[in-house]
Amino acid sequence: MSAPTARPVRGTRDLFGEVLRRHRRVVETARSLALRYAFAEIETPILEFTDLFARSLGEGSDVVSKEMYSFTDRGGDSITLRPEGTAAVVRAAMAGSLLQLRPLKLFYHGPMFRYERPQKGRLRQFHQVGVEVLGAAEPAADVECILMGRHLLEELGLGEAVVLELNSLGNLESRRRYREVLVSYLRRREGELSPESRVRLQRNPLRVLDSKDAGDRRVVAEAPRLTDHLDEESRRFFEEVCDRLDSLGVAYRINPHLVRGLDYYTHTAFEFTTDRLGAQGAVLAGGRYDGLMAALGGPDLPGIGWAAGVERLAMLLSEAPPAPRPLAVIPVGEEAEGEAWRLAQELRRAGFVVDLAYRGRAGQRMKRADRLGCRFALSLGGDELARGTVRLRDLDSGEEREIARDELADTLLGLGAERR
RNA sequence: GCGGGCGUAGCUCAGCUGGUUAGAGCACCAGGUUGUGGUCCUGGGGGUCACGGGUUCGAAUCCCGUCGCUCGCCCCA
């Protein structure tokens with residue numbers, strides 16, 4: 001158990017059984033929803049050049065400076081296991097001819113990697129589902145993204161478990177101006193800030209706004225407000241997002257301290273949070289990033305999107321999807337073995353879920369069927385072979401009856417036997 | 001990177017003011033029942049008590065270190 005080869009890498013885990021089914025439920029629900037919103041699915045490689053993330057997330061960000069799984073490959077390139085999805089999706093859109101049709105609406109899912117201390121709802125290999133809308137400058141795109149996020153959480157039965165927080169960072173110009181005002185204010189009161197926030201002041205001043213430190217909060221409470229520094233365009237943009245959400249009946253709370261630290265984030269920032277996951281409150285979060293594509297050397301096109309943590313959502317599901325309940329085919333005696341296999345194949349071709357044990361007496365196989373959670377057992381021995389029938393046993397009720405082979409499939413369908 | 005809690009069977013745990021061969025329940029395997037599961041009965045396999053060191057006549061038990069898990073800080077989904 002403690003031998004290194006018998007245990008998974010810290011912060012990773014094997015997905016199986018109930019945990020995997022919860023995981024699948026989240027991903028499948030998100031995919032099906034994205035398709036309903038006419039988003040196209042994209043899968044990008046897990047490996048990217050390190051430079052992609054250094055440029056998109058910023059050299060000074062925690063993720064880039066200390067959380068990436070980076071290595072030099074045999075050809076001498078610096079490669080990184082992706083820590084998030086947006087940069088890769090934007091890169092892919094730029095690299096292909098995807099951006100001819102705008103706006104481009106994309107859905108993705110997959111594993112992400114960050115070298116952090118594992119915690120409840122936080123793993124080193126974790127999974128995200130996400131969407132990006134590229135090439136749309138209209139507030140309508142922000143609204144559709146938020147609507148989709150809300151819709152996904154509702155489909156997962158989590159509508160009551162989350163609240164939506166919303167803010168606007170304004171356009172690039174407003175944001176830059178506000179940043180200067182904020183920095184000069186914080187500098188004056190630097191002595192009152194926590195050591196962490198003094199570091200933030202250098203690297204990422206906006207992040208001081210959402211510090212949890214009590215002393216920081218006092219300073220922040222009197223800080224100049226971002227909303228007071230939005231220019232006319234930015235204000236109108238935010239108003240339109242809010243108005244449309246209101247008219248669609250989407251509840252939200254404006255949180256002026258909800259920020260994104262990176263330079264290319266603009267306008268809308270939002271987060272769906274829960275109080276049911278301990279320290280990890282954010283389950284689905286995103287925002288507008290009008291400066292990103294240009295920062296990556298592509299055309300200067302706007303973008304907006306969100307990502308959701310699959311593990312976090314999976315943990316919040318009130319119940320796990322049930323495992324399939326197979327049919328057990330049970331030969332009685334050696335002479336029925338061949339016919340049992342033919343029957344099993346016939347049923348599998350018809351779509352039924354069928355288990356056939358490799359060995360054991362009828363009783364042992366019946367026990368296996370029970371342990372596997374089978375709903376029905378189909379047994380056949382010399383008598384049934386002679387009559388062209390099988391014995392159909394309902395393992396929940398214990399009732400057993402004899403059915404003609406040519407009526408079997410219809411009977412099973414009528415009883416609701418599971419098909420895949 | 002920093003701090004707290006916890007490591008005894010596959011799982012959940014008892015044993016821990018040091019004292020014969022380390023236990024229970026569940027799970028697993030076999031038999032009772034060689035044409036039928038669940039219940040019941042009988043038997044069985046499973047443990048370097050996380051690892052290393054120390055104290056002691058004697059350590060699962062006390063002390064130290066290491067590793068692992070977990071929760072929080074930071075950061076984020």
Side-chain angles (χ1 to χ4, degrees), chain A residues 1-4 6-11 13 26 30 57 60-68 83-86 109 111-124 126-130 149 153 162 194-197 199-200 203-204 207 210-213 260-262 270-274 277-287 305-316 328 330-336 357 360-385 391-400 402:
Chain A
M1 189 168 73
S2 60
R7 96 172 105 81
V9 170
R10 183 169 168 80
R13 59 177 189 170
V26 172
L57 299 172
S61 68
D62 277 28
V63 171
V64 171
S65 61
K66 51 192 191 198
E67 295 177 0
M68 293 207 301
E84 56 97 38
T86 301
H109 90 279
M112 309 291 164
F113 304 83
R114 290 182 203 171
Y115 189 88
E116 300 181 275
R117 272 298 269 274
Q119 221 171 291
K120 185 184 179 72
R122 195 177 76 186
L123 293 162
R124 288 183 174 181
F126 62 106
H127 298 77
Q128 289 186 329
V129 293
L153 295 167
V162 297
S194 64
E196 293 78 21
S197 281
V199 175
R200 289 186 186 108
R203 306 198 145 157
N204 216 335
R207 290 235 72 105
D210 66 356
S211 171
K212 294 177 197 165
D213 180 84
R260 293 282 180 275
L262 310 173
F270 63 93
E271 232 170 67
F272 287 91
T273 62
T274 181
L277 282 180
Q280 265 59 52
V283 293
L284 186 154
W306 52 253
V310 174
E311 283 81 1
R312 291 181 187 179
L313 293 175
M315 280 191 288
L316 288 171
I330 300 180
V332 181
E334 192 67 36
E335 77 267 20
R361 297 189 313 269
Q364 292 169 309
R365 297 191 195 219
M366 197 64 77
K367 180 172 251 175
R368 171 185 167 81
D370 187 53
R371 304 248 157 102
L372 278 176
C374 292
R375 177 68 210 285
F376 299 105
L378 299 167
S379 61
L380 66 169
D383 298 346
E384 290 77 21
L385 286 182
R391 288 190 140 329
L392 170 67
R393 187 177 179 87
D394 182 327
L395 292 174
D396 289 349
S397 69
E399 282 170 38
E400 187 170 282
E402 196 167 349

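Throughout, a chain's letter reflects where its sequence line sits, starting with A, and its residues are numbered from 1. Only this structure's heavy atoms are used, side chains among them; waters, hydrogens and symmetry mates stay out.
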With both distances kept under 3.5 Å, what pairs with B/rA24, Watson-Crick or G-U wobble?
-> B/rU12
Could you tell me which residues satisfy side-chain hydrogen bond (donor to acceptor under 3.5 Å, both in side chains) with A/Asp394, sequence neighbours excluded, listed by chain and number?
-> A/Arg375
Looking for any heavy atom pair under 4.0 Å, which part of the strands does A/Gly398 touch: base, sugar-phosphate only, or nothing?
-> base
Nearest-nucleotide comparison on RNA chain B, the residue closer to the 5′ end among A/Asp213 and A/Val332 = A/Val332
So what does A/Gly382 touch, heavy atoms closer than 4.0 Å: a base, only the sugar-phosphate, or nothing?
-> base
Output for pair (A/Ser379 OG, A/Met366 CE), nearest 0.5 Å, gives 5.5 Å
Base partner of B/rG35, which must satisfy Watson-Crick or wobble distances under 3.5 Å | none
Let me know, please, whether A/Asp383 or A/Arg10 comes out on the 5' side of the other along RNA chain B by nearest nucleotide.
-> A/Asp383
If you check every side-chain atom of A/Ser379, which of B/rA77, B/rG35, B/rC69 has the closest atom?
-> B/rG35
Mind checking the CZ-CZ spacing from A/Arg117 to A/Arg122? Nearest 0.5 Å is all I need.
-> 9.0 Å
Among B/rU34, B/rU36, B/rA77, which nucleotide sits nearest the side chain of A/Met366?
-> B/rU36
As its Watson-Crick or G-U partner within any shown strand, both distances under 3.5 Å, B/rU17 has none
Ignoring backbone atoms, establish whether A/Arg207 has a side-chain N or O less than 4.0 Å from OP1 or OP2 of B/rC76.
-> yes
Please tell me which of the listed nucleotides, B/rU36, B/rU34, B/rC73, lies nearest to the side chain of A/Arg393?
-> B/rU36
What's the spacing between A/Arg114 CZ and A/Leu123 CG if we round to 0.5 Å?
-> 12.0 Å
Using a heavy-atom cut-off of under 4.0 Å over every strand shown, decide if A/Glu67 touches base, sugar-phosphate, or nothing.
-> sugar-phosphate
NA contact type, A/Ala369, heavy-atom cut-off 4.0 Å: base, sugar-phosphate, or nothing?
-> nothing
Look at the side-chain N and O atoms of A/Arg371 and state whether any lies under 4.0 Å from the OP1 or OP2 oxygen of B/rC29.
-> yes
For the base of B/rC71, is there a side-chain donor-acceptor partner from A/Arg122 under 3.5 Å away?
-> no
For A/Arg124, which residues count as a side-chain hydrogen bond (donor to acceptor under 3.5 Å, both in side chains) partner, sequence neighbours excluded?
-> none
Scan A/Arg200 against the nucleic acid and name what it touches under 4.0 Å (heavy atoms): base, sugar-phosphate only, or nothing.
-> sugar-phosphate
Gap separating the CD atom of A/Gln364 from the CD1 atom of A/Ile330, nearest 0.5 angstrom | 11.0 Å
Go ahead and name the base partner of B/rC29; Watson-Crick or wobble counts if both distances stay under 3.5 Å, otherwise write none.
-> B/rG43
In Watson-Crick or G-U wobble terms, with both distances under 3.5 Å, the base opposite B/rA60 is none
Of the residues in residues 112-121 of chain A, which ones touch RNA chain B at a heavy-atom distance under 4.0 Å?
-> A/Arg114, A/Glu116, A/Arg117, A/Gln119, A/Lys120, A/Gly121
Compare all side-chain heavy atoms of A/Ser211 with those of A/Arg200 and state whether any distance is below 4.5 angstrom.
-> yes
Using only side-chain N and O atoms of A/Gln364, determine if any of them is under 4.0 Å from OP1 or OP2 of B/rC29.
-> no
Pair partner, B/rG3 [Watson-Crick or wobble, under 3.5 Å] = B/rC71
Counterpart base for B/rU66, defined by Watson-Crick or G-U wobble contacts under 3.5 Å | B/rA50
Atom pair CZ/CD of A/Phe126 and A/Glu84 - distance to nearest 0.5 Å = 9.0 Å
